[in-house]
Amino acid sequence: MKYQGQRGTEDVLPTQSHLWQYVESRFRAHASSYGYLELRTPTFEDYDLFVRSSGESSEAVSKQMYDFRDKGDRHIALKPEGTAPAMRSLIQHNLCPQGTVARLSYITNCFRYERPQKGRLRELHQFGLEIVGSGSPLADAEIIEASARFYQSLGVPSVVVLLNCLGNDECRSRYRTALLDFAMPLLNEMGEEAIEKAKKNPLRLLDSKDPQMIEGLKEAPVILDFLDDPSREHFERLKDTLTFLGIEFRVAPEIVRGLDYYTGAVFEIQSEHLGSQSALCGGGRYDNLIKELGGPDLPSVGVGMGVERLLIVMEQLGLWPEAPKPDLFVAFAGSEHERAALGLAATARNSGLTAIIDPDAKSLKSQLRQADRLGVRFVAIIGDDEAAASMVTLRNLSDSSQELMSEGALLERVKG
RNA sequence: GCGGAUGUAGCUCAGGGGUUAGAGCGCCUGACUGUGGCUCAGGAGGCCGUGGGUUCAAGACCCAUCUUCCGCCCCA
């Protein structure tokens, strides 16, 4: 094979495209039921946008970005996530005028130069929601509720939200110091590299999978104890609201998001069906991002949901919808009836049915076999007998009954 | 970026130096000359991931490379 798809990319094959169409249309309907309007941003942006938004310490920026110089020597990056481009667009087009709340949704592909694994691709797809202009805990709750309910509405059982609060800059930096101090003895045992990494982003220690680290940090200080009063109150009201809304959650201090722009409540929904890439979606509050990108001082909350991971989970739970089947197969016996068959197929399509015809005009037997394989329920048969009577035979493949009737009656019958 | 597996027919996989590379499922044709599924018979389909090497002889052994999968890392 001479050419292969690029590493970490996937073709959505004809046998699977209906699954993508299904979850996309469900997401669009769900988002719009909360009043979110779709925003489509370009595939590539200024490299600097992502460095400014996500922070240099996040791997998504420092190591995984697909970036290049274009012919005009601009430093370009393929978007690694959806929020920064959405906020760039929001600022540029003033999508959230003072005193208003903007609700944006997106469906986009993202690019990260990673080592591929199941549920971890170099080109991945995300659904996203962003609510801009409200600092209320009700906004946090709306995003979290919408995320959890989306999975529920698709039939994914026992959706539990893992919730944490990172607080504002001040309490976070006090916490970082405290955590680093606590972990130092352990880090000294683990070597120079571990120390460097921990210094860069101490919070990352918390979602380590190293058993030694997990054990060692059992008694570590918890960020919730470092929150100032406003942050604490915000978090309490968020939890109350989620409880009222009937959204199941668990406070999980180990949840720290990878992107640096998060400032307040953060959350993740995981699934045991995903192996080590366990996060189905993740998000949180990012009150400083828009300002840092040169826009107005607008508080925001958002979520990004992995589409490939959703499909993996749905497959394992048997939640994949069946592929749609064509309504009618128009078979003809003898090439002299080709025109009549073409005409019937066209009429059927005009009345909203999907109709298939065999271009190779193989034997009637073969045409019926094709129809059976395609899962079609009805086959219209046109041959000498039908032509003589100006009628068509309609065969129902599910009960093997068949009947001679007019075209009009046939269409009515197939439409059911 | 690190470690471990993996690649043979459309699909799932067997074959681990020696004729012409196999099975099941799927596909095509026929038995049934205008009727699918079931049965039976026949048939098509392979650069054995790619490139190099060892050998009288390589699908098999060696080297390189690519893919996919798993663990780490990271995250959606």
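Fair warning: this is a prediction, and the values are worked out from it, not measured in the lab. Order of the sequence lines sets the chain letters (A, B, ...), proteins ahead of strands, with each chain counted from 1.
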Counting the atoms with a prime plus P, OP1 and OP2 as sugar-phosphate, which does Q402(A) contact under 4.0 Å by heavy atoms, base, sugar-phosphate, or nothing? base
Using a 4.0 Å heavy-atom cut-off across all strands, classify G304(A) as base, sugar-phosphate, or nothing. sugar-phosphate
Determine, for Y262(A) and R285(A), whether the Lys NZ or Arg CZ falls below 6.0 Å from the six-membered ring centre while staying within 45 degrees of the axis. no
Work out how far the [atom1] atom of [N] is from that of [M], and round it to whole angstrom.
N: rA58(B); M: rU8(B); atom1: C1'; value: 14 Å
N: rA9(B); M: rA23(B); atom1: C1'; value: 11 Å
N: rU29(B); M: rG45(B); atom1: C1'; value: 14 Å
N: rG59(B); M: rG17(B); atom1: P; value: 13 Å

Is rG52(B) syn or is it anti, if syn means the base angle is within 90 degrees of 0?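 With its glycosidic angle more than 90° from zero, rG52(B) counts as anti.
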Set out, line by line, the N/O atom pairs under 3.5 Å between protein and nucleotides 68-71 of chain B.
residue: rU68(B); atom: OP1; partner: G8(A); partner atom: N; Å: 2.9
residue: rU68(B); atom: OP2; partner: R7(A); partner atom: NE; Å: 3.3
residue: rC70(B); atom: OP2; partner: K118(A); partner atom: N; Å: 2.6
residue: rG71(B); atom: OP2; partner: Q117(A); partner atom: OE1; Å: 3.2
residue: rG71(B); atom: OP2; partner: S276(A); partner atom: OG; Å: 3.2

Partner set under side-chain hydrogen bond (donor to acceptor under 3.5 Å, both in side chains) for D67(A), not counting sequence neighbours: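 side-chain hydrogen bond (donor to acceptor under 3.5 Å, both in side chains) check on D67(A) returns H75(A).
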Can you pull every protein N or O that's under 3.5 Å from an N or O on nucleotides 25-29 of chain B?
residue: rC28(B); atom: OP1; partner: R373(A); partner atom: NH1; Å: 2.8
residue: rU29(B); atom: OP2; partner: R369(A); partner atom: NH2; Å: 2.3

Check the orientation of F27(A) and F127(A). Use parallel for under 30°, tilted for 30 to 60°, and perpendicular for over 60°.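 The arrangement is parallel - the two ring planes meet at less than 30°.
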Under 6.0 Å between ring centres: does that hold for H18(A) and Y22(A)?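 Distance test on ring centres: not under 6.0 Å, no.
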